[in-house]
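One structure is given here, and the rest of the page talks about it.
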Amino acid sequence: MTIDGKTQVYGILGYPVKHSLSPVFQNRAFRYFSLNAVYVPFEVKPEDFETALRGLKALGVKGVNITLPHKEKALELADFKDSHAQAIGSANTLKFTEDGVYAYNTDWIGFLKAVRELTPNLRDLKVLVLGAGGSAKAVLYALKLEGARVFLWNRTQGKAKRLCEEFKCIHVKKPEEALEEAELIVNTTSLGLKEEDPPIFDYKELKPRHKVMDIIYRETPLLRSAKEKGCLYKDGLDMLLYQGMESFRIWTGYDVPYEVVKDSVLEYII
Ligand code: ATR
(Lines give C-alpha, C1' and ligand atoms only; values in the text may rest on other atoms or scores of the structure.)
Protein backbone atom coordinates (compact mmCIF):
# COMPACT_ATOMS: atom_id res chain seq x y z
CA MET A 1 0.00 0.00 0.00
CA THR A 2 1.30 3.45 -0.87
CA ILE A 3 0.37 6.41 1.29
CA ASP A 4 0.60 9.76 -0.44
CA GLY A 5 -0.80 13.28 -0.12
CA LYS A 6 -4.26 12.18 -1.22
CA THR A 7 -4.70 9.19 1.10
CA GLN A 8 -8.02 9.36 2.94
CA VAL A 9 -8.11 8.34 6.58
CA TYR A 10 -10.73 6.15 8.28
CA GLY A 11 -10.54 4.36 11.58
CA ILE A 12 -12.09 2.92 14.71
CA LEU A 13 -12.35 4.58 18.12
CA GLY A 14 -12.57 2.35 21.17
CA TYR A 15 -11.11 1.68 24.59
CA PRO A 16 -9.61 -0.86 24.32
CA VAL A 17 -9.26 -1.31 20.57
CA LYS A 18 -6.07 -3.37 20.16
CA HIS A 19 -7.89 -6.64 19.49
CA SER A 20 -10.33 -5.22 16.96
CA LEU A 21 -10.55 -7.08 13.65
CA SER A 22 -12.04 -4.06 11.88
CA PRO A 23 -8.69 -2.60 10.70
CA VAL A 24 -7.88 -5.97 9.12
CA PHE A 25 -10.97 -6.33 6.99
CA GLN A 26 -11.69 -2.65 6.32
CA ASN A 27 -8.18 -2.18 4.91
CA ARG A 28 -8.71 -5.32 2.82
CA ALA A 29 -11.92 -3.78 1.47
CA PHE A 30 -10.10 -0.54 0.52
CA ARG A 31 -7.43 -2.57 -1.28
CA TYR A 32 -10.06 -4.66 -3.06
CA PHE A 33 -11.49 -1.52 -4.70
CA SER A 34 -8.01 0.07 -5.11
CA LEU A 35 -9.12 3.06 -3.05
CA ASN A 36 -6.46 5.42 -1.77
CA ALA A 37 -7.55 5.09 1.85
CA VAL A 38 -6.34 3.66 5.12
CA TYR A 39 -8.21 2.49 8.26
CA VAL A 40 -6.43 2.85 11.61
CA PRO A 41 -7.18 2.01 15.26
CA PHE A 42 -7.49 4.92 17.70
CA GLU A 43 -7.45 3.99 21.37
CA VAL A 44 -9.35 6.84 23.03
CA LYS A 45 -10.17 7.11 26.73
CA PRO A 46 -13.80 8.01 27.54
CA GLU A 47 -12.80 11.42 28.92
CA ASP A 48 -10.97 12.22 25.66
CA PHE A 49 -13.71 11.16 23.24
CA GLU A 50 -15.19 14.58 22.58
CA THR A 51 -11.75 16.13 21.99
CA ALA A 52 -10.82 13.22 19.73
CA LEU A 53 -13.96 13.75 17.65
CA ARG A 54 -13.16 17.44 17.20
CA GLY A 55 -9.65 16.42 16.20
CA LEU A 56 -10.87 13.94 13.61
CA LYS A 57 -13.05 16.64 12.06
CA ALA A 58 -10.19 19.13 12.01
CA LEU A 59 -7.86 16.55 10.47
CA GLY A 60 -10.27 15.73 7.66
CA VAL A 61 -10.80 12.09 8.62
CA LYS A 62 -13.60 10.71 6.41
CA GLY A 63 -15.27 8.16 8.61
CA VAL A 64 -14.89 6.06 11.75
CA ASN A 65 -16.38 3.09 13.47
CA ILE A 66 -17.15 3.51 17.13
CA THR A 67 -16.93 0.72 19.63
CA LEU A 68 -17.13 0.28 23.41
CA PRO A 69 -17.47 2.51 25.43
CA HIS A 70 -18.16 5.43 23.06
CA LYS A 71 -21.24 4.41 21.08
CA GLU A 72 -23.81 6.40 23.06
CA LYS A 73 -21.63 9.52 23.18
CA ALA A 74 -20.98 9.27 19.44
CA LEU A 75 -24.70 9.43 18.75
CA GLU A 76 -25.17 12.31 21.15
CA LEU A 77 -22.43 14.42 19.57
CA ALA A 78 -23.36 13.84 15.91
CA ASP A 79 -25.08 16.56 13.87
CA PHE A 80 -27.35 14.20 11.93
CA LYS A 81 -28.68 10.91 13.32
CA ASP A 82 -30.13 8.05 11.35
CA SER A 83 -33.49 6.91 12.74
CA HIS A 84 -32.28 3.38 13.53
CA ALA A 85 -29.31 4.69 15.52
CA GLN A 86 -31.65 6.98 17.36
CA ALA A 87 -34.04 4.14 18.24
CA ILE A 88 -31.15 1.97 19.43
CA GLY A 89 -29.57 4.86 21.32
CA SER A 90 -26.07 4.41 19.98
CA ALA A 91 -23.95 4.85 16.86
CA ASN A 92 -21.18 2.57 15.61
CA THR A 93 -20.51 4.47 12.37
CA LEU A 94 -19.74 8.14 11.80
CA LYS A 95 -19.33 9.84 8.45
CA PHE A 96 -17.68 13.26 8.28
CA THR A 97 -18.92 15.60 5.57
CA GLU A 98 -18.83 19.29 4.76
CA ASP A 99 -22.29 19.63 6.33
CA GLY A 100 -21.39 17.92 9.59
CA VAL A 101 -21.12 14.51 11.26
CA TYR A 102 -23.64 11.83 10.32
CA ALA A 103 -24.28 8.99 12.81
CA TYR A 104 -25.48 5.50 11.88
CA ASN A 105 -25.90 2.17 13.59
CA THR A 106 -25.03 -0.87 11.47
CA ASP A 107 -24.86 -3.40 14.34
CA TRP A 108 -28.56 -4.22 13.99
CA ILE A 109 -28.14 -4.81 10.24
CA GLY A 110 -25.13 -7.02 10.89
CA PHE A 111 -27.10 -9.04 13.42
CA LEU A 112 -30.14 -9.33 11.16
CA LYS A 113 -28.18 -10.56 8.15
CA ALA A 114 -26.30 -13.07 10.31
CA VAL A 115 -29.32 -14.39 12.21
CA ARG A 116 -31.32 -14.82 8.98
CA GLU A 117 -28.73 -17.37 7.88
CA LEU A 118 -29.66 -19.37 10.97
CA THR A 119 -33.40 -18.82 10.75
CA PRO A 120 -34.69 -16.86 7.73
CA ASN A 121 -38.16 -16.04 9.05
CA LEU A 122 -38.23 -14.13 12.32
CA ARG A 123 -41.90 -13.19 12.35
CA ASP A 124 -43.53 -14.57 15.53
CA LEU A 125 -40.37 -16.53 16.27
CA LYS A 126 -39.89 -16.99 20.02
CA VAL A 127 -36.46 -15.73 20.94
CA LEU A 128 -34.62 -15.74 24.26
CA VAL A 129 -32.11 -12.89 24.43
CA LEU A 130 -29.43 -13.07 27.13
CA GLY A 131 -28.02 -9.73 28.25
CA ALA A 132 -29.18 -6.13 28.34
CA GLY A 133 -26.08 -4.13 27.44
CA GLY A 134 -25.33 -2.02 24.38
CA SER A 135 -25.21 -4.95 21.94
CA ALA A 136 -28.50 -6.30 23.26
CA LYS A 137 -30.24 -3.08 22.21
CA ALA A 138 -29.22 -3.49 18.55
CA VAL A 139 -30.27 -7.15 18.69
CA LEU A 140 -33.64 -6.33 20.29
CA TYR A 141 -34.26 -3.57 17.77
CA ALA A 142 -33.65 -5.92 14.84
CA LEU A 143 -35.74 -8.74 16.32
CA LYS A 144 -38.70 -6.49 17.10
CA LEU A 145 -38.52 -4.85 13.67
CA GLU A 146 -38.91 -8.32 12.17
CA GLY A 147 -41.84 -9.17 14.44
CA ALA A 148 -40.16 -11.71 16.71
CA ARG A 149 -41.49 -12.45 20.22
CA VAL A 150 -38.69 -11.80 22.62
CA PHE A 151 -37.96 -13.02 26.15
CA LEU A 152 -35.19 -11.06 27.81
CA TRP A 153 -32.93 -12.13 30.64
CA ASN A 154 -30.13 -10.14 32.26
CA ARG A 155 -28.06 -10.56 35.44
CA THR A 156 -29.06 -7.05 36.53
CA GLN A 157 -32.83 -7.31 36.36
CA GLY A 158 -33.56 -3.59 36.36
CA LYS A 159 -31.74 -3.14 33.06
CA ALA A 160 -33.67 -5.98 31.45
CA LYS A 161 -36.97 -4.59 32.72
CA ARG A 162 -36.22 -1.15 31.25
CA LEU A 163 -35.35 -2.64 27.88
CA CYS A 164 -38.48 -4.79 28.00
CA GLU A 165 -40.59 -1.66 28.32
CA GLU A 166 -38.73 0.06 25.52
CA PHE A 167 -38.72 -2.86 23.07
CA LYS A 168 -41.89 -4.62 24.20
CA CYS A 169 -40.39 -7.89 25.30
CA ILE A 170 -41.14 -10.30 28.12
CA HIS A 171 -38.84 -10.17 31.11
CA VAL A 172 -37.66 -13.47 32.59
CA LYS A 173 -35.89 -13.80 35.93
CA LYS A 174 -33.96 -16.88 34.79
CA PRO A 175 -33.08 -18.08 31.26
CA GLU A 176 -34.64 -21.47 32.16
CA GLU A 177 -38.09 -19.84 32.34
CA ALA A 178 -38.10 -19.29 28.57
CA LEU A 179 -36.13 -22.31 27.34
CA GLU A 180 -39.20 -24.45 26.79
CA GLU A 181 -40.83 -21.89 24.50
CA ALA A 182 -37.76 -20.40 22.85
CA GLU A 183 -36.90 -21.43 19.30
CA LEU A 184 -33.84 -19.20 19.05
CA ILE A 185 -31.38 -18.26 21.83
CA VAL A 186 -29.09 -15.24 21.39
CA ASN A 187 -26.26 -14.51 23.80
CA THR A 188 -25.25 -10.84 23.95
CA THR A 189 -23.49 -11.02 27.33
CA SER A 190 -19.72 -11.19 27.58
CA LEU A 191 -20.00 -14.57 29.35
CA GLY A 192 -18.06 -17.12 27.32
CA LEU A 193 -15.35 -14.71 26.20
CA LYS A 194 -13.14 -16.53 28.67
CA GLU A 195 -13.13 -20.33 28.85
CA GLU A 196 -13.36 -20.19 32.64
CA ASP A 197 -16.57 -18.09 32.60
CA PRO A 198 -19.50 -19.80 34.33
CA PRO A 199 -22.30 -21.09 32.06
CA ILE A 200 -25.19 -18.65 31.57
CA PHE A 201 -27.65 -21.48 32.27
CA ASP A 202 -27.42 -25.24 32.46
CA TYR A 203 -26.50 -26.09 28.88
CA LYS A 204 -27.78 -29.65 29.40
CA GLU A 205 -31.22 -28.05 28.98
CA LEU A 206 -30.51 -27.27 25.32
CA LYS A 207 -32.58 -29.29 22.85
CA PRO A 208 -31.71 -30.10 19.23
CA ARG A 209 -34.63 -27.90 18.12
CA HIS A 210 -33.00 -24.80 19.63
CA LYS A 211 -31.11 -22.50 17.30
CA VAL A 212 -28.29 -20.73 19.11
CA MET A 213 -26.41 -17.58 18.26
CA ASP A 214 -23.60 -15.98 20.23
CA ILE A 215 -22.38 -12.53 19.29
CA ILE A 216 -18.89 -13.46 20.53
CA TYR A 217 -16.92 -14.40 17.44
CA ARG A 218 -15.45 -17.74 18.42
CA GLU A 219 -16.73 -21.04 19.74
CA THR A 220 -17.94 -20.28 23.26
CA PRO A 221 -18.93 -22.99 25.78
CA LEU A 222 -22.57 -22.17 24.88
CA LEU A 223 -21.93 -22.82 21.17
CA ARG A 224 -19.90 -25.94 21.92
CA SER A 225 -22.82 -27.32 23.91
CA ALA A 226 -25.21 -26.39 21.10
CA LYS A 227 -23.00 -28.25 18.64
CA GLU A 228 -22.87 -31.32 20.89
CA LYS A 229 -26.67 -31.31 21.12
CA GLY A 230 -27.03 -31.12 17.35
CA CYS A 231 -28.50 -27.58 17.37
CA LEU A 232 -28.04 -25.18 14.48
CA TYR A 233 -25.70 -22.49 15.78
CA LYS A 234 -23.67 -19.48 14.73
CA ASP A 235 -20.96 -17.34 16.27
CA GLY A 236 -20.68 -13.56 16.01
CA LEU A 237 -18.10 -13.29 13.23
CA ASP A 238 -20.61 -12.78 10.44
CA MET A 239 -22.43 -10.12 12.47
CA LEU A 240 -19.11 -8.30 12.87
CA LEU A 241 -18.28 -8.59 9.17
CA TYR A 242 -21.77 -7.58 7.99
CA GLN A 243 -21.87 -4.50 10.23
CA GLY A 244 -18.46 -3.51 8.87
CA MET A 245 -19.50 -4.11 5.25
CA GLU A 246 -22.48 -1.83 5.83
CA SER A 247 -20.25 0.90 7.35
CA PHE A 248 -17.97 0.57 4.31
CA ARG A 249 -20.97 1.03 2.01
CA ILE A 250 -22.06 4.14 3.94
CA TRP A 251 -18.59 5.69 3.55
CA THR A 252 -17.72 4.66 0.00
CA GLY A 253 -20.91 3.56 -1.74
CA TYR A 254 -19.26 0.20 -2.54
CA ASP A 255 -20.49 -3.27 -1.56
CA VAL A 256 -17.49 -5.36 -0.68
CA PRO A 257 -17.94 -9.12 -1.26
CA TYR A 258 -18.34 -11.14 1.94
CA GLU A 259 -15.65 -13.65 0.89
CA VAL A 260 -13.08 -10.85 0.61
CA VAL A 261 -13.52 -9.62 4.17
CA LYS A 262 -13.99 -13.12 5.58
CA ASP A 263 -10.74 -14.41 4.07
CA SER A 264 -8.84 -11.44 5.46
CA VAL A 265 -9.69 -12.21 9.10
CA LEU A 266 -9.33 -16.00 9.11
CA GLU A 267 -5.70 -16.01 10.25
CA TYR A 268 -6.61 -13.74 13.20
CA ILE A 269 -9.27 -16.01 14.62
CA ILE A 270 -8.45 -18.74 17.08
P1 ATR B 1 -22.02 -4.78 25.14
O2 ATR B 1 -22.07 -3.45 24.47
O3 ATR B 1 -21.02 -5.73 24.49
O4 ATR B 1 -23.37 -5.39 25.27
P5 ATR B 1 -22.12 -4.02 27.90
O6 ATR B 1 -23.05 -2.92 27.57
O7 ATR B 1 -21.03 -3.78 28.88
O8 ATR B 1 -21.40 -4.55 26.59
O9 ATR B 1 -23.02 -5.27 28.38
C10 ATR B 1 -22.44 -6.43 28.89
C11 ATR B 1 -23.53 -7.48 29.14
O12 ATR B 1 -22.91 -8.68 29.64
C13 ATR B 1 -24.56 -7.08 30.18
O14 ATR B 1 -25.80 -7.68 29.88
C15 ATR B 1 -23.95 -7.67 31.46
O16 ATR B 1 -24.88 -7.90 32.50
P17 ATR B 1 -25.18 -6.76 33.62
O18 ATR B 1 -26.10 -5.78 32.96
O19 ATR B 1 -25.82 -7.48 34.74
O20 ATR B 1 -23.85 -6.16 33.98
C21 ATR B 1 -23.45 -8.98 30.93
N22 ATR B 1 -22.44 -9.58 31.79
C23 ATR B 1 -21.14 -9.22 31.90
N24 ATR B 1 -20.52 -9.99 32.81
C25 ATR B 1 -21.45 -10.86 33.30
C26 ATR B 1 -21.45 -11.90 34.26
N27 ATR B 1 -20.33 -12.24 34.92
N28 ATR B 1 -22.60 -12.57 34.49
C29 ATR B 1 -23.74 -12.26 33.82
N30 ATR B 1 -23.81 -11.28 32.89
C31 ATR B 1 -22.69 -10.58 32.64
Side-chain angles (χ1 to χ4, degrees), residues 12-22 43-46 49 65-76 84-85 87-93 103-112 114-115 127-144 150-167 169-179 185-203 205 212-218 220-223 225 234-244 247:
I12 179 164
L13 273 72
Y15 191 78
V17 82
K18 285 190 181 70
H19 300 291
S20 172
L21 288 177
S22 296
E43 192 154 272
V44 178
K45 292 194 176 112
F49 182 73
N65 280 127
I66 304 289
T67 186
L68 239 69
H70 306 308
K71 289 184 181 186
E72 285 82 12
K73 196 79 185 159
L75 180 71
E76 187 189 316
H84 306 290
I88 295 165
S90 68
N92 75 326
T93 306
Y104 305 86
N105 189 305
T106 67
D107 288 331
W108 72 276
I109 300 173
F111 169 73
L112 200 52
V115 79
V127 188
L128 168 60
V129 174
L130 307 165
S135 313
K137 286 181 88 172
V139 164
L140 293 174
Y141 179 75
L143 288 172
K144 293 310 288 190
V150 180
F151 301 91
L152 180 63
W153 171 84
N154 192 50
R155 174 181 60 178
T156 311
Q157 289 192 21
K159 274 163 81 179
K161 283 180 182 165
R162 274 196 295 281
L163 286 194
C164 279
E165 276 175 34
E166 193 178 336
F167 292 99
C169 19
I170 301 157
H171 175 247
V172 291
K173 289 195 184 115
K174 290 184 190 159
E176 286 81 355
E177 282 177 35
L179 280 182
I185 300 166
V186 182
N187 177 39
T188 76
T189 75
S190 46
L191 281 177
L193 260 177
K194 289 181 261 144
E195 267 310 308
E196 62 271 25
D197 283 343
I200 310 167
F201 59 91
D202 183 357
Y203 298 150
E205 299 298 319
V212 183
M213 180 157 168
D214 202 317
I215 69 163
I216 295 171
Y217 49 79
R218 58 174 198 80
T220 57
L222 169 64
L223 292 185
S225 303
K234 193 170 180 64
D235 70 28
L237 181 61
D238 283 347
M239 174 177 171
L240 174 79
L241 297 176
Y242 289 139
Q243 64 77 33
S247 299

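Order of listing sets the numbers, starting from 1, for every ligand and every atom in it.
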For ligand 1, the portion of A132 having any non-hydrogen atom under 4.0 Å away: backbone

Atom 15 (C) of ligand 1 - nearest protein heavy atom and its distance: N154 OD1, 4.0 Å

Nearest neighbour of atom 26 (C) of ligand 1 from the list R155, Q157, K137, K194, on a heavy-atom basis: R155

Residue and atom name of the nearest protein heavy atom (relative to atom 23 (C) of ligand 1), distance in Å to one decimal: S190 OG, 3.1 Å

The one among L68, L191, T189 that brings a heavy atom closest to atom 29 (C) of ligand 1: L191

Heavy-atom nearest neighbour in the protein, as seen from atom 18 (O) of ligand 1, with distance rounded to 0.1 Å: K159 NZ, 2.6 Å

Per-residue contact class, D197 against ligand 1 - non-hydrogen pairs under 4.0 Å: neither

S135 N/O under 3.5 Å from ligand 1 N/O: yes

Test salt bridge (charged side-chain N to carboxylate O under 4.0 Å, His left out) applied to D238 - qualifying residues, sequence neighbours left out: K234

Test item: protein heavy atom less than 4.0 Å from atom 10 (C) of ligand 1: no

Mutual orientation of the aromatic rings belonging to F49 and H70 [parallel < 30°, tilted 30-60°, perpendicular > 60°]: parallel

Protein heavy atom under 4.0 Å of atom 7 (O) of ligand 1: no

Taking every non-hydrogen atom, the tightest pair across F167 and K137: CZ-O, 3.9 Å

Can you give the donor-acceptor pairs under 3.5 Å from side chains of residues 154-165 to other protein atoms, not counting sequence neighbours?
unit_1, atom_1, unit_2, atom_2, d
N154, OD1, A132, N, 3.0
N154, ND2, T156, O, 3.0

Side-chain (Y217) to main-chain (D214) donor-acceptor, under 3.5 angstrom: no

Nearest neighbour in protein (non-hydrogen) for atom 17 (P) of ligand 1: T156 OG1, 3.4 Å

Test log, rule ring pair (Phe, Tyr, Trp, His ring centres under 6.0 Å), inputs Y141 and H84: CA-CA 8 Å; Y141 179 75; H84 306 290; 5.7 Å; yes

